Amino acid sequence: MLDFAIFAVTFLLALVGAVLYLYPASRQAAGIPGITPTEEKDGNLPDIVNSGSLHEFLVNLHERYGPVVSFWFGRRLVVSLGTVDVLKQHINPNKTLDPFETMLKSLLRYQSGDGSVSENHMRKKLYENGVTNSLQSNFALLLKLSEELLDKWLSYPETQHVPLSQHMLGFAMKSVTQVVMGSTFEDDQEVIHFQKNHGTVWSEIGKGFLDGSLDKSTTRKKQYEDALIQLESILKKIIKERKGRNFSQHIFIDSLVQGNLNDQQVLEDSMIFSLAGCIISAKLCTWAICFLTTSEEVQKKLYEEIDQVFGKGPITPEKIEQLRYCRQVLCETVRTAKLTPVSACLQDIEGKIDQFIIPRETLVLYALGVVLQDPSTWPSPHKFDPDRFDDESVMKTFSSLGFSGTQECPELRFAYMVTTVLLTILVKRLHLLPVEGQVIETKYELVTSSREEAWITISKRY
């Protein structure tokens with residue numbers, strides 16, 4: 001089955017306009033190194049399938065042909081960029097549209113983001129302020145949810161295996177639903193209902209459209225459409241309730257409602273944040289804890305920082321900001337896990353990367369998973385080493401890729417805070433330990449996850 005990332009790009013191609021039927025006889029398209037189509041109709045899709053994922057296909061392609069490569073999606077030319085240097089030549093820091101958001105909106109067939117530059121800038125600011133204000137207002141909630149998970153783990157015998165992926169998804173669902181949509185989701189049954197619909201929508205946009213199986217199965221199609229309608233219905237109800245009223249708890253939707261957006265824009269932005277925020281938060285929490293279980297030294301250093309910053313005092317937003325090493329751990333988690341391995345944009349005007357001309361309307365992929373494992377940028381790239389981010393130039397490079405600073409997507413910024421609070425609570429009281437003999441295989445999709453459940457064990461510090 002083709003993975004989510006493949007479909008995300010495929011669907012984006014269908015959305016952006018008329019397909020260009022560029023089918024060359026030569027091996028190099030537009031002078032850019034790469035491969036010719038395997039099949040006339042599907043281009044190199046069979047090669048991507050055989051590689052296992054789009055990310056793994058791009059790893060092989062860049063190893064063979066260098067930092068700028070080309071291949072074919074159907075009859076359309078695609079260019080992939082695979083080093084920091086070529087990405088810096090292409091990334092526009094003033095761009096207001098987030099590639100991750102653009103992909104998800106395409107998959108859901110949302111189109112309200114196609115506004116002017118000023119409109120997109122305004123919406124970006126609203127989005128960012130929504131994350132900042134809702135996190136500030138709900139910091140105590142994140143602490144409460146983290147402490148509830150800690151209490152649950154403390155009740156387990158030390159030999160018990162903990163299903164980490166399952167618990168992190170549940171934690172992320174509770175966090176995101178309450179911070180985005182409010183007190184309705186204090187009820188666990190509401191969270192479970194949301195999680196069920198979220199899972200249906202997230203899985204089907206990754207498989208059912210591409211192979212046509214969703215349209216061929218009336219049962220599955222109805223389940224998907226019903227789930228999406230139910231999610232939208234929940235959001236519409238909450239949007240209506242929050243309009244023109246003041247609440248003691250500021251939630252993400254409030255910032256959108258108070259902005260100069262129409263109801264459809266508020267619906268779409270809150271839907272995208274809910275879908276992506278849950279998955280990115282869950283996977284960042286999962287991978288961070290997985291890596292901590294395999295590195296006793298890193299976990300010890302993190303514990304020492306937490307103890308030094310908080311001691312026996314309360315955990316506050318101001319002191320959370322002092323956890324510099326924790327932030328390095330999370331940045332290294334994103335890098336090592338290749339959390340979001342592929343991003344994409346459409347070349348709106350003819351451009352040039354090195355000596356290569358990229359034609360207008362070419363789909364350009366940012367092979368972030370390739371870039372994050374490039375040994376020329378990251379020495380010992382497969383080693384989990386948060387200390388590498390002690391170097392300001394390394395953090396600057398990381399920020400230029402959109403994983404930190406002003407260019408990071410709002411969902412990732414939210415996930416950083418959620419994961420920081422959770423790690424502070426857990427590491428303060430627990431040793432996080434691996435399950436002996438477990439090998440965690442990686443599943444590369446739009447957000448990287450473990451292929452099977454990731455298990456850990458715990459022991460009490462005191």
Side-chain angles (χ1 to χ4, degrees), residues 126-152 166-202 226-259 261 263-282 284-285 314-317 320 410-411 413-422 424-425:
L126 273 179
Y127 218 80
E128 291 172 348
N129 291 338
V131 174
T132 300
N133 295 335
S134 58
L135 283 173
Q136 288 175 348
S137 180
N138 292 278
F139 186 81
L141 168 66
L142 297 180
L143 281 177
K144 174 176 170 287
L145 294 174
S146 299
E147 287 165 351
E148 286 176 356
L149 183 64
L150 171 65
D151 290 341
K152 184 175 184 177
Q166 177 187 324
H167 284 197
M168 292 303 98
L169 182 58
F171 170 75
M173 285 285 170
K174 288 182 178 181
S175 301
V176 173
T177 52
Q178 292 186 53
V179 173
V180 173
M181 294 175 279
S183 58
T184 298
F185 290 91
E186 291 175 4
D187 183 345
D188 283 350
Q189 290 304 311
E190 292 289 345
V191 178
I192 291 169
H193 181 63
F194 179 88
Q195 184 172 339
K196 180 182 176 183
N197 289 323
H198 179 286
T200 299
V201 171
W202 189 263
D226 286 349
L228 187 58
I229 288 170
Q230 287 186 53
L231 291 179
E232 291 182 340
S233 177
I234 291 167
L235 288 168
K236 286 176 181 177
K237 180 183 176 183
I238 293 168
I239 290 166
K240 185 177 180 180
E241 289 173 351
R242 307 294 290 199
K243 269 193 168 183
R245 298 175 63 188
N246 292 317
F247 295 84
S248 58
Q249 178 199 25
H250 184 94
I251 60 175
F252 179 77
I253 282 179
D254 290 336
S255 294
L256 303 183
V257 167
Q258 292 162 11
L261 301 178
D263 287 353
Q264 185 62 26
Q265 289 173 327
V266 175
L267 172 66
E268 293 183 6
D269 284 352
S270 53
M271 175 68 82
I272 294 299
F273 191 86
S274 299
L275 285 171
C278 286
I279 294 299
I280 291 177
S281 296
L284 181 60
C285 288
I315 297 171
T316 63
I320 280 283
E411 294 85 0
R413 183 153 68 91
F414 179 90
Y416 278 142
M417 177 58 80
V418 170
T419 312
T420 300
V421 172
L422 179 64
T424 301
I425 295 292

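In this text, all values refer to a predicted model and were calculated from it rather than measured experimentally.
- Under the rule for a side-chain hydrogen bond (donor to acceptor under 3.5 Å, both in side chains), the partners of Asp263 that lie at least two apart in sequence or sit in another chain are Lys243.
- With contacts defined as side-chain heavy-atom distances shorter than 4.5 Å, the pair Leu149/Met168 qualifies.
- A search for ring pair (Phe, Tyr, Trp, His ring centres under 6.0 Å) contacts involving Phe185 returns Phe194, not counting sequence neighbours.
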request  = Begin with the C-alpha distance, continue with both residues' side-chain angles, and end with the deciding distance and a verdict on side-chain contact (heavy atoms from CB on, under 4.5 Å) for Leu422 and Val418.
outcome  = CA-CA 6 Å; Leu422 179 64; Val418 170; 5.6 Å; no

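- Residues forming a side-chain hydrogen bond (donor to acceptor under 3.5 Å, both in side chains) with His198 (at least two apart in sequence, or on another chain): none.
- In terms of heavy atoms, Phe252 sits closest to Gly130 at CD1-C, 3.6 Å.
- When all heavy atoms of Pro410 and Tyr127 are compared, the closest pair comes out as CG-CD2, 3.0 Å.
- When all heavy atoms are compared, the tightest approach of Gln249 to Gly182 is OE1-CA, 3.8 Å.
- Scored by the side chain to side chain contact (heavy atoms under 4.5 Å, CB included) test, Ser255 finds Asn133, His250 as partners (sequence neighbours excluded).
- Between the side chain of Thr419 and the backbone N or O of Tyr416 there is no donor-acceptor pair closer than 3.5 Å.
- No more than 12 heavy atoms of other residues, nucleotides or ligands lie within 6.0 Å of CG in Asn246, so this atom counts as exposed by the packing criterion.
- Sorted by first and then second residue, the side chain to side chain donor-acceptor pair (under 3.5 Å) pairs involving residues 172-183 (not counting sequence neighbours) form an empty list.
- In plain terms, the two heavy atoms of Ile315 and Leu143 that are nearest each other are O-CD1, 3.6 Å.
- Scanning both residues, Ala276 and Glu411, for their nearest heavy atoms gives CB-CG, 3.7 Å.
- The minimum heavy-atom distance between Glu232 and Leu267, with the atom names listed, is O-CD1, 3.9 Å.
- In terms of the side-chain hydrogen bond (donor to acceptor under 3.5 Å, both in side chains) criterion, residue partners of Glu148 (sequence neighbours excluded) are, by chain and number, Lys144.
- Taking Asp151 as the reference, nothing meets the salt bridge (charged side-chain N to carboxylate O under 4.0 Å, His left out) condition, with sequence neighbours excluded.
- The side chain to side chain contact (heavy atoms under 4.5 Å, CB included) check on Lys240 picks up nothing, with sequence neighbours excluded.
- Remark: Gln166 engages Pro163, Glu453 in a side chain to side chain contact (heavy atoms under 4.5 Å, CB included) (not counting sequence neighbours).
- With sequence neighbours left out, Lys152 forms a side-chain hydrogen bond (donor to acceptor under 3.5 Å, both in side chains) with no residue at all.
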request  = Go through Phe171 and Ser146 one step at a time and tell me if the side-chain contact (heavy atoms from CB on, under 4.5 Å) criterion holds.
outcome  = CA-CA 8 Å; Phe171 170 75; Ser146 299; 3.6 Å; yes

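- Side chain of Asp187 to main chain of Thr184: no donor-acceptor pair is present (N/O by atom type, distance under 3.5 Å, no hydrogens or angles).
- Between Val180 and the options Asn138, Ile253, Leu256, a side chain to side chain contact (heavy atoms under 4.5 Å, CB included) holds for only Ile253.
- When the options Gln264, Gln265, Met271 are evaluated for a side chain to side chain contact (heavy atoms under 4.5 Å, CB included) with Glu268, the one that passes is Gln264.
- Arg413 places a side-chain N or O within 3.5 Å of a backbone atom of Glu128 that can act as its donor or acceptor partner.
- By the ring pair (Phe, Tyr, Trp, His ring centres under 6.0 Å) test, Phe414 is found to be paired with Phe273, residues two or more places apart in sequence or in another chain being considered.
- In this structure Ser233 satisfies the side chain to side chain contact (heavy atoms under 4.5 Å, CB included) test with no other residue, sequence neighbours excluded.
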